[in-house]
Every structure is written in C-alpha cells, then in structure tokens.
Participant: 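If you scroll down you'll find the structure; I have some questions about it.
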There are 2 protein chains.
Amino acid sequence: MTISAPVTRMKSGERRELILEAATEVFAETGYVGTTTADIARAAGVSQPYVVRLFGTKEQLFLDVIQRALDVLLAAFRGALDDATSDVPLGKRMALAYVNQLNQHGLLLSLMHAFVLGRDPVIGAAARAGFMKVYRFLRDDAGFDPLEVQNFLASGMLVNTMIGIDMVEDYDGDPDVRELMECAFPEKLDMVRALASQREQEQR
Amino acid sequence: MTISAPVTRMKSGERRELILEAATEVFAETGYVGTTTADIARAAGVSQPYVVRLFGTKEQLFLDVIQRALDVLLAAFRGALDDATSDVPLGKRMALAYVNQLNQHGLLLSLMHAFVLGRDPVIGAAARAGFMKVYRFLRDDAGFDPLEVQNFLASGMLVNTMIGIDMVEDYDGDPDVRELMECAFPEKLDMVRALASQREQEQR
DNA sequence: GTCTATAGGATGATAGAC
DNA sequence: GTCTATCATCCTATAGAC
C-alpha cells in the first residue's frame with residue numbers, strides 16, 4: 001500500500017512520520033519478524049536502506065511504531081476523559097475511544113504484535129512498559145476500580161484478537177461468525193466493517 | 001530446552017509427538033516467523049532436516065502444533081463439562097480448565113501467535129477455524145449464553161496477552177504489576193508463578 | 001528412521017555517490 | 001535527504017548416505 005512517491009525531498013521529520021505510519025500498517029499485517037524493512041520501504045515509497053538509515057535498526061523502528069501507537073491511544077483516552085460535557089457514561093466513552101482506533105489501520109494490531117513477543121529482551125520490556133502505562137492510566141487518571149480495569153482490558157484484548165484473526169468479514173457467510181462479531185462488537189460493528197472494505201479497496 | 005537426545009531410533013509417531021511438544025514451546029517463545037526449524041530441531045534433539053522431513057514444511061508443522069493445542073484445550077473443556085459431580089459452578093470449572101493449560105508451557109501462547117497472523121492465507125484460515133471451534137463449543141456444548149461466551153473469551157484473551165507479554169514475575173518489583181496480576185488472575189496466580197519459575201530452571 | 005552437506009533464496013545493514 | 005550497489009548472514013528445503 002504505497003502512501004507517497006519518493007520523488008521529492010522532505011524534511012526529515014515529515015518523512016519519519018510518513019514511514020512510521022506505513023510501518024504501523026505493515027507490521028500489523030505481517031508482524032515484527034515477518035516484516036522486512038524492504039516491505040516498509042515499499043509501502044512508504046522510499047528505498048530500503050533509507051528506512052534503516054532513518055531509524056538505525058529494524059528493531060528501533062518497531063519500538064518507535066509501538067511508542068507512537070501508545071501515544072495515540074492514550075491521547076484518545078484523555079480526550080474521552082476530558083469530554084465531560086457528554087451525557088454518555090465514562091466507561092462507554094472510553095470503550096468507544098478504544099474501538100475508534102480501529103479507524104487508524106494497524107494501530108491496535110501492531111501493539112498486539114508487540115504483546116506477543118514478551119520473551120524478547122528489548123521488545124518485551126517495551127511491551128510490558130506500554131501495557132502498564134495503559135493500566136495506570138485507567139486506574140489513576142480514569143479512576144476505574146480494579147474490576148473495571150480488568151473488564152476493560154479483557155474486552156480490549158478480545159477486540160484485538162478478533163482483529164488479529166482477521167474476522168471482520170463474514171467468512172464463507174458463516175452465521176456463527178456473524179453472531180460472534182455482533183456479540184463482541186455491540187454498536188461498533190459498522191466501524192469494523194468499514195475498515196475491512198476500505199482495506200479491500202486499498203488492495204485494488 | 002532439550003527434551004531428549006537423538007541417539008536412538010524411535011517409532012515415527014513417538015518422535016512426531018516429541019517434536020510437536022518441543023515446537024509448541026519454541027513457537028510460543030519466538031512466534032511463527034521468528035522460530036527456525038533449526039531452533040525446534042535443537043529443542044527436540046534431532047537434526048534440522050529431519051524436522052522438515054517429518055512435517056513437510058515449517059508451515060505445516062505450525063499448523064499441526066496449533067491443531068494439537070486446540071485438541072488439548074477442547075479436551076480439557078470437555079473434561080470440565082463432564083465433571084458434573086463437582087459442586088463448583090460450570091463457568092468456574094471451565095475457567096479453571098483454561099488456566100490449567102498454563103501448566104503445559106506454550107500451549108495457549110502458541111495459539112496466540114496464530115491469532116495474530118489472520119492475514120496469512122493459510123495460517124489465518126486455520127486460526128479463524130480454531131477460534132470458531134472454541135466459540136461453538138462454549139455456546140453449543142457448554143451452553144453458555146452469548147454474553148457468557150463473550151466474557152469468557154475476553155478473560156481468556158487477557159490471560160493470553162499477559163502471558164505473551166511475559167508479565168508473570170514482579171518485574172522490577174513493580175507493585176502495579178503485582179496488583180494487575182492479582183486482579184487479573186484471582187486464584188490462579190500461583191499457577192502462573194509456578195510456570196515462571198519452572199521456566200527459569202529450565203533455562204539453567 | 002535419522003544424519004551430513006549443501007543449494008538457493010532472502011534479509012538487515014553498510015559504503016559511498018548525488 | 002535519498003539512492004544504488006553490495007556484503008555477510010541466515011534459513012528452508014533437497015539430495016543422498018547410513
């Protein structure tokens with residue numbers, strides 16, 4: 001999925017962000033190890049060595065992708081938290097903020113790919129730190145009690161898994177799949193569907 | 001983690017099972033792409049080409065590992081279901097059956113590694129089919145209602161994630177980590193801890 | 001049933017030009 | 001800021017012996 005042509009020069013910061021977005025997508029699709037720097041370069045419309053040049057190593061690039069994903073997610077949570085004008089209860093606002101991230105392509109899924117690599121010394125440490133950051137936010141800033149935090153995280157991980165498993169379409173028109181989707185994604189199913197069809201378009 | 005020396009000849013079936021167990025462990029640790037057939041061969045105490053010879057391809061070996069993990073898991077669920085003598089309510093028996101799988105090393109984590117590769121045409125299809133098999137079991141055989149199924153699966157995915165993230169020890173003695181663990185794993189924390197220390201021993 | 005040797009194909013990273 | 005060329009490594013799978 002090419003995001004831009006290389007052609008022109010760009011400020012380093014802009015190009016970085018562009019590559020980070022492309023990398024988020026590709027890492028989400030094929031995982032940390034399964035993604036090559038060449039895949040990312042192609043998606044970003046730059047040369048492979050330039051990707052390495054900008055981020056030092058593939059590992060560092062992945063760490064940057066994860067860090068960015070966490071920043072985006074926590075910013076969304078903060079937004080939901082501060083939106084006190086709404087008459088929607090806090091728990092639902094937060095849940096919606098989470099599912100809204102599905103708009104941003106591989107954001108949650110790239111995190112999931114980090115969460116499954118806990119035994120990697122570097123990535124594992126970053127994954128734990130990131131997960132705990134979310135936990136503390138829910139507990140301290142959002143003021144969730146322990147059970148609320150647990151339920152919130154559990155629902156989130158189920159969403160992540162169903163995204164990871166790519167169960168966003170009615171595979172083979174299976175009614176069981178549809179039932180599970182509708183049960184797991186109450187009002188948010190439309191959003192997931194929109195994402196899926198959007199992805200199909202992008203693949204031409 | 002060497003499970004056995006190669007040395008002697010063995011019936012093909014035994015050696016297969018031995019390698020499947022070793023592969024479950026190694027795939028859980030480093031994921032599908034991140035695991036080499038040589039890693040598995042070393043863990044099983046056989047030569048790398050022999051692993052390929054027995055299973056055809058690395059992909060097929062992973063599929064077999066996933067299939068075996070699902071069989072074991074569903075058998076455990078069936079056991080909990082049939083254990084009607086117990087005065088423990090069904091939901092709790094099933095939950096315990098799930099967490100008990102943590103004894104068996106990488107069983108749940110290897111599944112998680114499949115669940116994150118939904119975009120892979122072959123592995124993704126197997127992962128979806130496996131997930132749906134569990135879903136149908138909970139709904140049809142265990143008789144869970146939709147909300148129960150959802151909660152059960154969500155809790156399971158949270159457990160999987162915390163295992164994936166390797167948050168089984170008090171990293172840096174962080175009290176928040178301990179709190180999260182105790183909140184997420186009510187009575188089962190001891191089991192997780194036992195697993196962790198067992199792994200440490202195995203790593204010498 | 002199991003091994004050694006090795007071919008064939010990536011892939012991450014570096015060097016250096018523009 | 002960005003590219004082309006290229007090296008060194010690693011990895012799956014095959015061939016073929018014991």
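Note on naming: letters A, B, ... go to the chains in the order of the sequence lines (proteins, then strands), and numbering restarts at 1 for each one.
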Participant: Return the value, rounded to whole Å, for the distance between atom OH of B:Tyr50 and atom P of C:dA5.
Facilitator: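 Going from OH in B:Tyr50 over to P in C:dA5 covers 19 Å.
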Participant: Using a strict cut-off of less than 4.0 Å between a Lys/Arg side-chain nitrogen and an Asp/Glu carboxylate oxygen, indicate whether B:Arg68 and B:Asp71 qualify as a salt bridge.
Facilitator: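 Answer for the salt bridge query: no.
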Participant: Measure from CD1 on A:Ile40 to C1' on C:dG12 and round the result to the nearest Å.
Facilitator: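 For the pair A:Ile40 CD1 and C:dG12 C1', the rounded distance is 12 Å.
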Participant: Is there side-chain contact between A:Thr57 and A:Phe62, with heavy atoms separated by less than 4.5 Å?
Facilitator: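 A side-chain contact under 4.5 Å is absent here.
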Participant: Nearest to the side chain of A:Val52 - D:dT12, C:dA13, C:dT2?
Facilitator: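 My answer, after comparing the listed nucleotides, is C:dA13.
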Participant: In this structure, how many angstroms lie between the C1' atom of C:dT2 and the CE atom of B:Met10, rounded?
Facilitator: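 Going from CE in B:Met10 over to C1' in C:dT2 covers 12 Å.
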Participant: Hey, does A:Phe77 have a side-chain heavy atom less than 4.5 Å from the side chain of A:Asp141?
Facilitator: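 Not in contact.
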Participant: Taking the side chain of A:Lys58 as its heavy atoms from C-beta onward, which of C:dG12, D:dT12, C:dC3 lies nearest to it?
Facilitator: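 Of the options given, the side chain of A:Lys58 lies nearest C:dG12.
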Participant: Please determine whether a side-chain nitrogen or oxygen atom of B:Arg15 lies at a distance below 4.0 Å from atom OP1 or OP2 of C:dT2.
Facilitator: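 Answer yes for this pair, as a side-chain N or O of B:Arg15 is under 4.0 Å from OP1 or OP2.
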Participant: Rounded to whole Å, please give me the gap between CZ in A:Arg16 and P in D:dT2.
Facilitator: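 The distance from CZ of A:Arg16 to P of D:dT2 comes to 13 Å, rounded to the nearest Å.
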Participant: In terms of side-chain heavy atoms of A:Pro49, which of D:dG1, C:dA15, D:dT14 is nearest?
Facilitator: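 The listed nucleotide nearest to A:Pro49's side chain is C:dA15.
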Participant: Under 4.0 Å from OP1 or OP2 of C:dT2: is there any side-chain N or O of B:Ser47 that close?
Facilitator: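 For C:dT2, neither OP1 nor OP2 has a side-chain N or O of B:Ser47 closer than 4.0 Å.
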Participant: Measure from CZ on A:Arg42 to P on C:dA10 and round the result to the nearest Å.
Facilitator: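 One finds 12 Å between P of C:dA10 and CZ of A:Arg42, rounded.
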Participant: Quick one: do B:Asp176 and A:Lys133 make a salt bridge, cutoff under 4.0 Å?
Facilitator: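 Salt bridge absent between B:Asp176 and A:Lys133.
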Participant: What about A:Arg53: does its side chain form a donor-acceptor pair under 3.5 Å with the base of C:dG12?
Facilitator: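 Such a pair does not exist between side chain and base.
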Participant: Can you measure A:Gln48 atom CD to D:dT6 atom C1' for me and round it to whole angstrom units?
Facilitator: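 It works out to 11 Å between those atoms.
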Participant: If I take atom CG in residue A:Leu61 and atom C1' in nucleotide C:dG12, what distance separates them, rounded to the nearest angstrom?
Facilitator: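 Taking atom C1' of C:dG12 as the reference, CG of A:Leu61 is at 12 Å.
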Participant: If you measure from the Lys or Arg side-chain nitrogens to the Asp or Glu carboxylate oxygens, is any gap between A:Arg139 and A:Glu148 under 4.0 Å?
Facilitator: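 Result for this pair is no, no salt bridge flagged.
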Participant: In whole angstroms, how far is the C1' atom of C:dT2 from the CZ atom of B:Phe55?
Facilitator: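 Going from B:Phe55 (CZ) to C:dT2 (C1'), I get 14 Å.
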Participant: Quick one: which of D:dT12, C:dG12, D:dC3 gets closest to the side chain of B:Thr36?
Facilitator: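 Among D:dT12, C:dG12, D:dC3, the one nearest the side chain of B:Thr36 is D:dT12.
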